[in-house]
Chemist: 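Mind looking over this structure? Questions follow.
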Amino acid sequence: MEKMPFRDAEGVMDVTAVINAARATTGETNWRRALPVLTGSMVTLRELRLSDAPSLLAMLATEEVARFISPPPTTVEGFERFIAWTHRERAAGNYVCFGVVPHGMDTAIGIFQIRQLEPGFGTAEWGFAMGSSFWGTGAFIDGAKMVVDFAFDVVGTHRLEARAAVANGRGNGALRKVGAIQEGILRKSFLRNGEYLDQTLWTILDEDWRRAKSVWGPRIH
Ligand SMILES: CC(C)(COP(=O)(O)OP(=O)(O)OC[C@H]1O[C@@H](n2cnc3c(N)ncnc32)[C@H](O)[C@@H]1OP(=O)(O)O)[C@@H](O)C(=O)NCCC(=O)NCCS
């Protein structure tokens with residue numbers, strides 16, 4: 001995340017099944033043209049809209065959210081430019097950004113991003129941020145499982161990396177919880193507020209994820 005630019009309670013279907021169902025009905029197989037809408041037990045993930053800008057500003061441009069990530073925009077217009085940029089980068093096939101919309105709401109309260117670290121996304125990096133009023137609610141893990149499924153099943157990633165500042169307790173705790181493996185410490189690898197911070201490198205491999213999924217099974221909460 002740090003390196004990334006900021007420019008049914010019952011019977012929730014496995015995200016792969018949702019994606020396959022969408023393909024069957026719309027013929028849409030190409031995420032570069034449009035992101036699918038992914039529905040979890042608590043949140044929906046969808047493409048960002050320009051109308052999400054005020055909500056994202058209120059949610060993400062706070063000290064506690066932005067403390068360990070690349071500085072987010074500081075104005076609605078800045079977020080609108082960021083959102084337009086996410087659409088261009090998705091269309092170019094370089095990057096994916098899902099907005100996180102809790103059930104019962106219309107606007108995004110956070111984002112999940114995936115960017116390619118090599119052409120074709122074989123190795124990719126993900127990152128995430130949500131408004132602090134949604135921390136600890138289960139929204140993160142609900143969205144995270146769908147994003148990781150999407151990366152492995154649709155985008156074609158086999159190794160998904162994440163970087164979290166060592167001092168970012170919640171960021172590291174969230175990655176551990178989702179099943180990522182800590183591979184090492186990237187010393188003084190992230191410049192934030194004029195200071196170089198150490199980061200933890202976390203990875204998930206497609207084969208490990210599929211093995212774990214076969215244990216926790218289809219996502220029925
Ligand atoms: C990262 C983020 C999306 C995670 O969402 P969240 O709702 O806070 O995550 P969760 O509460 O589901 O999981 C965090 C875990 O870390 C644990 N945790 C919290 N503070 C911690 C700390 N100081 N040290 C270790 N673990 C900690 C939590 O207890 C929780 O684990 P648990 O559910 O087993 O108790 C959210 O915290 C956020 O937006 N942070 C700001 C942006 C950011 O730092 N992004 C990450 C960049 S890698």
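In this chain, numbering begins with 1 at the start of the sequence shown. Whatever order the structure lists ligands and atoms in, that order sets their numbers, starting from 1. Keep in mind it's a predicted model, so treat the numbers as computed, not measured.
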Chemist: Is it the case that ligand 1 has an N or O less than 3.5 angstrom from some N or O of R163?
Modeler: no

Chemist: Tell me, please: is F68 in heavy-atom contact with ligand 1, that is, under 4.0 Å?
Modeler: no

Chemist: Any N or O on M130 sitting closer than 3.5 Å to an N or O of ligand 1?
Modeler: yes

Chemist: Will you find, in the side chains of Q199 and S189, an N or O donor that is under 3.5 Å from an N or O acceptor?
Modeler: yes

Chemist: What are the atoms of ligand 1, with element, lying closer than 4.0 Å to any heavy atom of N168?
Modeler: 43 (C), 44 (O), 46 (C), 47 (C)

Chemist: Do any N or O atoms from the side chain of T75 and from the backbone of G78 form a donor-acceptor pair under 3.5 angstrom?
Modeler: yes

Chemist: What about F140 and F128, are their ring centers closer than 6.0 Å?
Modeler: yes

Chemist: Is a side-chain donor or acceptor of R192 paired with a backbone partner of F68 at a separation under 3.5 angstrom?
Modeler: no

Chemist: Using the ring of each side chain (for Trp, its six-membered ring), is W126 parallel, tilted or perpendicular to F112, with breaks at 30° and 60°?
Modeler: parallel

Chemist: Under 4.0 Å from a heavy atom of A164: give me the atoms of ligand 1 that qualify, with their elements.
Modeler: 48 (S)

Chemist: Below the 3.5 angstrom mark, is there an N/O of A129, backbone or side chain, next to an N/O of ligand 1?
Modeler: no

Chemist: Using heavy-atom distances only, which candidate in W135, F128, F134 approaches atom 37 (O) of ligand 1 most closely?
Modeler: W135

Chemist: Any heavy atom of G136 closer to ligand 1 than 4.0 angstrom?
Modeler: yes

Chemist: Just distances here: any N/O of I141 and N/O of ligand 1 closer than 3.5 Å?
Modeler: no

Chemist: Indicate, as side chain, backbone, both or neither, the part of I69 found under 4.0 angstrom from ligand 1 when only non-hydrogen atoms are considered.
Modeler: side chain

Chemist: Report, in ascending order of atom number, the atoms of ligand 1 lying under 4.0 Å from any heavy atom of K177.
Modeler: 10 (P), 12 (O), 13 (O), 31 (O), 32 (P), 33 (O), 34 (O)

Chemist: Can a donor-acceptor pair be found between the side chains of Y95 and Q113 at a distance below 3.5 Å?
Modeler: yes

Chemist: Would a single hydrophobic cluster contain both L117 and F150, if residues Ile, Leu, Val, Met, Phe, Trp and Tyr are joined by side-chain heavy-atom contacts under 4.5 Å?
Modeler: no

Chemist: If we ignore angles and hydrogens, is there a donor and acceptor under 3.5 Å between the side chains of T203 and E161?
Modeler: no

Chemist: Looking only at N/O atoms, are T137 and ligand 1 under 3.5 Å apart anywhere?
Modeler: no

Chemist: So, do F121 and W31 have ring centers that fall under 6.0 Å from each other?
Modeler: yes

Chemist: Is ligand 1 under 4.0 Å from a heavy atom in the side chain of F140, in the backbone, in both, or in neither?
Modeler: side chain

Chemist: Below the 3.5 angstrom mark, is there an N/O of E64, backbone or side chain, next to an N/O of ligand 1?
Modeler: no

